[in-house]
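A short write-up of the structure that comes next.
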Amino acid sequence: GVDAELQGNLVVHGDISNRGVATATGVVDQTTNPHAFIAGYNVSDYVDVGTGQTKVIFETPMDDISYAVSGSVHNPSATQRFIVASYNHTRESFIINANYDNNTLYNRVIAFSVYGGRKII
């Protein structure tokens with residue numbers, strides 16, 4: 001990190017970026033039909049695309065598809081180990097799901113964050 005006190009005009013040559021800030025976040029309840037929007041930032045809709053699979057549609061499309069999605073599953077039993085996966089990334093959307101150890105898809109409440117995909121100028 002850098003601390004700076006500006007005493008005049010700031011002139012930037014190149015890009016200023018902070019990849020540590022989420023470009024989208026959300027919480028989706030996959031146990032309801034249709035999937036319920038609980039909370040989110042830069043998410044306009046959730047679409048059920050199959051058991052345990054939700055298409056997340058961005059409110060504002062990404063500048064490119066170089067973004068990563070991380071997520072967690074809420075309230076699984078202590079004996080179940082879930083993996084949150086995302087795929088089919090586009091500028092407008094991606095699909096997210098929760099997999100149990102044996103790759104069976106489960107309907108759960110999933111919280112996710114998206115990092116990257118935006119040019120900061």
**Request:** Run through the side-chain heavy atoms of Ile, Leu, Val, Met, Phe, Trp and Tyr, join any pair under 4.5 Å, and report what else lands in Val49's cluster.
**Result:** Val47, Ile57, Tyr87, Ile95
**Asked** To the nearest 0.5 Å, what is the distance between CG (Asp45) and CD (Glu59)?
**Response** 11.0 Å
**Prompt:** In the hydrophobic clustering (ILVMFWY, side-chain contacts below 4.5 Å, transitive), which residues join Leu105, or is it alone?
**Reply:** none
**Request:** Please name the pair of heavy atoms, one in Met62 and one in Ala24, separated by the smallest distance, quoted to 0.1 Å.
**Result:** CE-CB, 4.3 Å
**Message:** Within the 4.5 Å heavy-atom criterion, are Val73 and Val84 side-chain neighbours or not?
**Reply:** yes
**Complete:** By side chain to side chain donor-acceptor pair (under 3.5 Å), His35 pairs with (sequence neighbours left out) Asp48, Thr54
**Message:** Same cluster or not: Val43 versus Tyr41, using hydrophobic residues (I, L, V, M, F, W, Y) connected whenever any side-chain heavy atoms lie under 4.5 Å apart?
**Reply:** no
**Request:** State, to 0.1 Å, how close Ile38 and Val28 come at their nearest heavy-atom pair, and which atoms those are.
**Result:** CD1-C, 4.4 Å
**Pairing residues for Ala68 by the side-chain contact (heavy atoms from CB on, under 4.5 Å) criterion, not counting sequence neighbours** = none
**Prompt:** In chain order, what residues pass the ring-ring contact (aromatic ring centres under 6.0 Å, His included) check against Phe37, with sequence neighbours excluded?
**Reply:** Tyr46
**Fill in**
All heavy atoms of Ala85 vs all of Asn99, minimum pair found to be CB-ND2, 4.4 Å
**Fill in**
Residue set satisfying side-chain contact (heavy atoms from CB on, under 4.5 Å) with Val69, at least two apart, ordered chain then number -> Tyr67, Ser86, His89, Phe94, Ile96, Phe112, Val114
**Prompt:** Hey, does the side chain of Gln30 reach the backbone of Val109 with a donor-acceptor pair shorter than 3.5 angstrom?
**Reply:** no
**Request:** Quick one: list whatever passes side chain to side chain donor-acceptor pair (under 3.5 Å) with Thr32, sequence neighbours left out.
**Result:** none
**Complete:** The side-chain contact (heavy atoms from CB on, under 4.5 Å) partners of Pro61 (sequence neighbours excluded) come to Arg91, Glu92
**Prompt:** Of all heavy-atom pairs between Phe82 and Tyr100, which one has the smallest distance, and what is that distance?
**Reply:** CD2-N, 4.2 Å
**Request:** For the residue pair Thr60 and Arg118, establish whether any side-chain heavy-atom pair is separated by less than 4.5 Å.
**Result:** yes
**Asked** For Asn107, what residues pass the side chain to side chain donor-acceptor pair (under 3.5 Å) criterion, not counting sequence neighbours?
**Response** none
**Asked** Residues in side-chain contact (heavy atoms from CB on, under 4.5 Å) with Ser113, at least two apart?
**Response** Ala22, Thr25, Ser70, Tyr115
**Message:** Tell me the closest heavy-atom pair linking Ala111 and Val27, and the distance in Å.
**Reply:** CB-CG2, 4.0 Å
